[in-house]
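What follows is a set of notes on a single structure, which appears directly below.
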Amino acid sequence: MAEMISKEQIKNIWGFSKEVGIDKENLYCMIERISNKDSMRKLTKLQANRLINELIAIKDKERKVKRRTDEAGRDDTVAMRRKIYALCEKLGWNDNNNRIDGFCKRMFDVEKIQWLDKRQCYMLIEALKDMVKRQ
C-alpha cells in the first residue's frame, strides 16, 4: 500500500494555495482531478507531491508576469499611461513591453509610450478599447 500524505505536505498545500489565491473549493477540485478522491487526507504522498508541484507552477507563473513600472516619461500623462497599461493587461500584452511600444511607433512614429503627449495617449486608449471590445 502506498504511503499516505504527511502533515508537512498538508501544510505546504494549504500554504501554497493561499499564496496563489486558490480557495478551498477550487483546491478540492484540483485534488479530485489529480486523485479522483474527495479528501486531502486520502491522498498518497505521490499525489500530494503532484498537487504541490502544480501549486508551485502556478506561483512561478504569477511571479513571471511583469508588472509595469512607470518611472520615466511625461508627468502630464501618468494617469493616461496607467489606463493604457490596464488595457494592455486585458489584451494579454504585459509579457512584452516591445509590443505596446511597437504599436506606438506604428500609430504615432514615437519610439516609447512614455513620450506620448495627451492627445496621442487619448487616441491610443481609444484604439486599445476598440481592440478589447473585438476580443
Side-chain angles (χ1 to χ4, degrees):
M1 185 170 171
E3 249 185 288
M4 298 309 286
I5 190 171
S6 68
K7 288 182 181 181
E8 188 67 31
Q9 286 176 313
I10 292 172
K11 287 179 185 178
N12 285 335
I13 290 169
W14 284 114
F16 284 127
S17 66
K18 187 175 183 178
E19 278 184 52
V20 296
I22 294 177
D23 62 359
K24 183 178 179 179
E25 185 177 320
N26 287 325
L27 179 62
Y28 276 89
C29 286
M30 288 177 74
I31 290 169
E32 190 170 340
R33 181 178 44 80
I34 289 172
S35 67
N36 293 325
K37 296 177 183 168
D38 60 350
S39 172
M40 192 181 303
R41 297 230 178 248
K42 293 179 184 177
L43 293 175
T44 65
K45 282 193 177 240
L46 181 63
Q47 291 167 336
N49 283 334
R50 281 189 203 141
L51 179 60
I52 290 169
N53 287 337
E54 278 194 32
L55 292 169
I56 289 171
I58 293 169
K59 181 180 174 185
D60 288 344
K61 186 177 179 182
E62 285 183 359
R63 190 178 295 155
K64 287 179 184 175
V65 172
K66 293 182 180 179
R67 298 289 177 217
R68 295 199 182 260
T69 56
D70 208 16
E71 297 169 358
R74 298 171 58 119
D75 291 335
D76 59 340
T77 60
V78 172
M80 295 176 99
R81 286 195 310 267
R82 280 192 207 121
K83 177 67 176 176
I84 291 168
Y85 295 145
L87 290 167
C88 286
E89 189 167 342
K90 287 181 182 178
L91 290 168
W93 288 10
N94 274 355
D95 59 341
N96 188 352
N97 288 340
N98 294 333
R99 197 159 185 182
I100 189 64
D101 288 337
F103 197 64
C104 290
K105 173 79 171 155
R106 192 173 77 219
M107 281 186 71
F108 308 109
D109 201 32
V110 175
E111 296 289 328
K112 297 279 184 187
I113 189 173
Q114 292 89 350
W115 301 341
L116 297 177
D117 61 23
K118 282 186 173 186
R119 182 187 60 78
Q120 292 168 328
C121 282
Y122 176 78
M123 291 172 64
L124 181 59
I125 289 170
E126 293 305 313
L128 292 173
K129 281 182 187 178
D130 289 341
M131 292 172 72
V132 168
K133 282 181 189 176
R134 285 192 303 258
Q135 249 189 351

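Position 1 is the first residue of the sequence; numbering continues from there. These figures come from a predicted structure and were not determined experimentally.
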>> Looking only at side-chain N and O atoms, does K37 offer a donor or acceptor that is under 3.5 Å from a partner on Q47?
In response: yes
> Without hydrogens or angle criteria, can the side chains of D23 and N26 be said to hold a donor-acceptor pair below 3.5 Å?
Replying inline: yes
Gap between atom [atom2] of [Y] and atom [atom1] of [X] - 0.5 Å precision:
X: Q9; Y: M40; atom1: CD; atom2: CE; answer: 10.5 Å
X: K24; Y: S17; atom1: NZ; atom2: OG; answer: 11.0 Å
X: L87; Y: E126; atom1: CG; atom2: CD; answer: 9.0 Å
X: R82; Y: C121; atom1: CZ; atom2: SG; answer: 12.5 Å
X: F103; Y: L91; atom1: CZ; atom2: CG; answer: 8.5 Å
X: D109; Y: K105; atom1: CG; atom2: NZ; answer: 4.5 Å

> salt bridge (Lys or Arg N to Asp or Glu O under 4.0 Å) between D38 and K42: does it pass, once the steps are laid out?
Replying inline: CA-CA 8 Å; D38 60 350; K42 293 179 184 177; 3.2 Å; yes
Can you give me the closest heavy-atom contact between [X] and [Y], atom names plus distance?
X: I113; Y: I84; value: CD1-CG2, 3.3 Å
X: C88; Y: L128; value: SG-CD1, 4.4 Å
X: E111; Y: D101; value: O-CB, 3.6 Å
X: K118; Y: D76; value: CE-O, 3.3 Å
X: K45; Y: M4; value: CG-O, 3.2 Å
X: K59; Y: F16; value: NZ-CE2, 4.1 Å

> Passes ring-ring contact (aromatic ring centres under 6.0 Å, His included), W115 versus F108? Steps please.
Replying inline: CA-CA 10 Å; W115 301 341; F108 308 109; over 10 Å; no
>> Let's go through M80 and I125 carefully: what are the C-alpha distance in whole Å and the side-chain angles of both, what is the deciding distance for side-chain contact (heavy atoms from CB on, under 4.5 Å) to 0.1 Å, and is it a yes or a no?
In response: CA-CA 8 Å; M80 295 176 99; I125 289 170; 4.1 Å; yes
> Should R134 and D130 count as an ion pair when the cut-off is N to O under 4.0 Å?
Replying inline: no
Measure the shortest side-chain to side-chain distance between [X] and [Y] over non-hydrogen atoms and say whether it is less than 4.5 angstrom.
X: W14; Y: E19; value: no
X: L116; Y: M123; value: no
X: L43; Y: R50; value: no
X: N49; Y: T44; value: no
X: R119; Y: L124; value: no
X: L51; Y: L27; value: yes

>> Would a single hydrophobic cluster contain both I10 and V20, if residues Ile, Leu, Val, Met, Phe, Trp and Tyr are joined by side-chain heavy-atom contacts under 4.5 Å?
In response: yes
> CD of Q135: more than 12 outside heavy atoms within 6.0 angstrom?
Replying inline: yes
> Quick check: are there more than 12 heavy atoms from other residues, nucleotides or ligands sitting under 6.0 Å from CZ of R33?
Replying inline: yes
> Taking it one step at a time, do I13 and I5 satisfy side-chain contact (heavy atoms from CB on, under 4.5 Å)?
Replying inline: CA-CA 11 Å; I13 290 169; I5 190 171; 3.8 Å; yes
>> If we ignore hydrogens and angles and just use 3.5 Å, is the side chain of T77 paired with the main-chain N or O of R74 as donor and acceptor?
In response: yes
